[in-house]
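All remarks here apply to the structure that follows.
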Amino acid sequence: MSTAQQLWDDVDAYFTTLLSPSDEVLAAALRDSDAAGLPPINVAPNQGKLLQLLAQIQGARRVLEIGTLGGYSTIWLGRALPADGRLITLEYSAKHAEVARRNLARAGLDRIAEVRVGPALESLPKLAEEHPDPFDLVFIDADKANNAHYVEWAVKLTRPGSLIVLDNVVRSGRVTEADSDDPTLQGTRAALELIAEHPKLTGTAVQTVGSKGHDGFALARVVA
């Protein structure tokens, strides 16, 4: 481990212990995800707390998450919602979805959180056909090649004032590689360019370092 990474880990550990300590529900969600063989790509605890705070600042009652994994970030978001709130989270893998459902049930969130299984680009049109009330916050953390499509759907399913959060936009600094043939980079760049150009969005992106390495996120507010 590099000296820089160790420093980032130490700072994250300090912030997490002080400001976003774990509890048994969150710890069990990570343990069960690991035991089920899910990749260890969940958000860091301080990032989960940030999502929770953003949802609370929004006064969110309805949240859409694209990319569930084991439900760790879903728990953070669900805890920000009122008892009559609703959270819909989309997960490609049926195996991952089952782990997430168990984790959400343990967290007491199964009454407000619904896990839908299948490719998100198939689930999103079906969701739109239900004519749901607009979502107050959308968290996008799925396959990066389709990021621009997910942002487009997020705009369709929200309202002026809603917040869109796009995770993992720095890609260890590789996001600057305009000529890369990596679909995750091209998808991320396309999403950022869409945020920059879309008449209904205003946004920014922030790079971060920490236990997840060098990465970052984009925030976009729906303005029209």
Side-chain angles (χ1 to χ4, degrees), residues 1-57 65-77 79-80 96 103 137-148 150-151 163-196 203-220:
M1 180 183 298
S2 70
T3 302
Q5 183 63 59
Q6 185 61 62
L7 177 61
W8 301 343
D9 289 351
D10 291 346
V11 172
D12 256 11
Y14 170 67
F15 286 159
T16 295
T17 301
L18 185 65
L19 299 170
S20 49
S22 186
D23 55 42
E24 179 52 31
V25 167
L26 290 167
L30 294 179
R31 285 198 305 269
D32 285 4
S33 296
D34 183 62
L38 274 61
I41 55 174
N42 49 275
V43 301
N46 53 345
Q47 295 167 344
K49 183 66 174 291
L50 175 62
L51 291 172
Q52 184 184 81
L53 287 170
L54 289 172
Q56 291 169 332
I57 291 167
E65 180 182 49
I66 303 175
T68 315
L69 197 61
Y72 182 75
S73 57
T74 321
I75 294 171
W76 281 106
L77 287 165
R79 286 177 169 181
H96 296 180
N103 286 334
L137 185 148
V138 179
F139 177 48
I140 301 171
D141 189 13
D143 58 302
K144 310 310 175 186
N146 285 311
N147 271 342
Y150 297 147
V151 172
L163 181 66
I164 300 168
V165 182
L166 178 64
D167 202 12
N168 305 130
V169 300
V170 173
R171 318 300 301 169
S172 299
R174 296 185 61 211
V175 71
T176 60
E177 298 175 10
D179 296 331
S180 172
D181 58 3
D182 183 339
T184 65
L185 295 182
Q186 291 303 323
T188 298
R189 288 175 61 91
L192 293 169
E193 291 162 8
L194 178 62
I195 291 171
T204 191
V206 176
Q207 61 180 328
T208 61
V209 295
S211 61
K212 297 297 180 180
H214 180 202
D215 212 330
F217 58 91
L219 296 174

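Residues take their numbers from the sequence shown, with the count starting at 1.
- Note that the CD1 atom of Ile66 and the CG atom of Asp143 stand 9.5 Å from one another [nearest 0.5 Å].
- Considering only heavy atoms from C-beta on, Ile195 stays 4.5 Å or farther from Ile164 through its side chain.
- At a threshold of 4.5 Å between non-hydrogen side-chain atoms, the residues Arg174 and Arg189 do not count as touching.
- Looking at Leu51 and Ser73, their side chains come closer than 4.5 Å, going by heavy atoms from C-beta outward.
- With hydrogens and angles disregarded, no donor-acceptor distance shorter than 3.5 Å links the side chain of Gln186 to the backbone of Ala145.
- A donor-acceptor pair under 3.5 Å links the side-chain atoms of Gln5 to the main chain of Gly210, judged by distance alone.
- For the atom pair Gln47 CD and Asp141 CG, the distance stands at 9.0 Å (nearest 0.5 Å).
- A heavy-atom distance below 4.5 Å is found between the side chains of Leu54 and Leu219.
- With rounding to the nearest 0.5 angstrom, the OH atom of Tyr72 is 11.0 Å from the CG atom of Asn103.
- A donor-acceptor contact shorter than 3.5 Å is absent between the side chain of Lys49 and the backbone of Trp76.
- Residue Lys212 forms a side chain to side chain contact (heavy atoms under 4.5 Å, CB included) with just one option from Asp12, Asp9, Ile41, Asn42, and that option is Asn42.
- Considering CG of Leu69 and OG of Ser33, their distance stands at 6.0 Å, rounded to 0.5 Å.
- Going from atom CD of Glu65 over to atom CG of Leu137 covers 10.0 Å, rounded to the nearest 0.5 Å.
- For Ala80 against Ala55, the heavy-atom pair with the smallest separation is CB-CB, 3.6 Å.
- For the pair Leu50/Asn46, no side-chain contact is recorded, criterion being any heavy-atom separation below 4.5 Å from C-beta on.
- Using a 4.5 Å heavy-atom cutoff, the side chains of Glu177 and Arg171 are not in contact.
- To the nearest 0.5 Å, atom CZ of residue Phe217 and atom OG1 of residue Thr204 are 9.0 Å apart.
- Put simply, the side chain of Thr176 gets close to the backbone of Gly173: a donor and an acceptor are under 3.5 Å apart.
- Annotation: side chain of Val170 is in contact with side chain of His214 (closest heavy-atom distance under 4.5 Å).
- For the pair His96 and Leu38, the tightest heavy-atom approach, listed with the atom from each and the gap, is CD2-CG, 3.5 Å.
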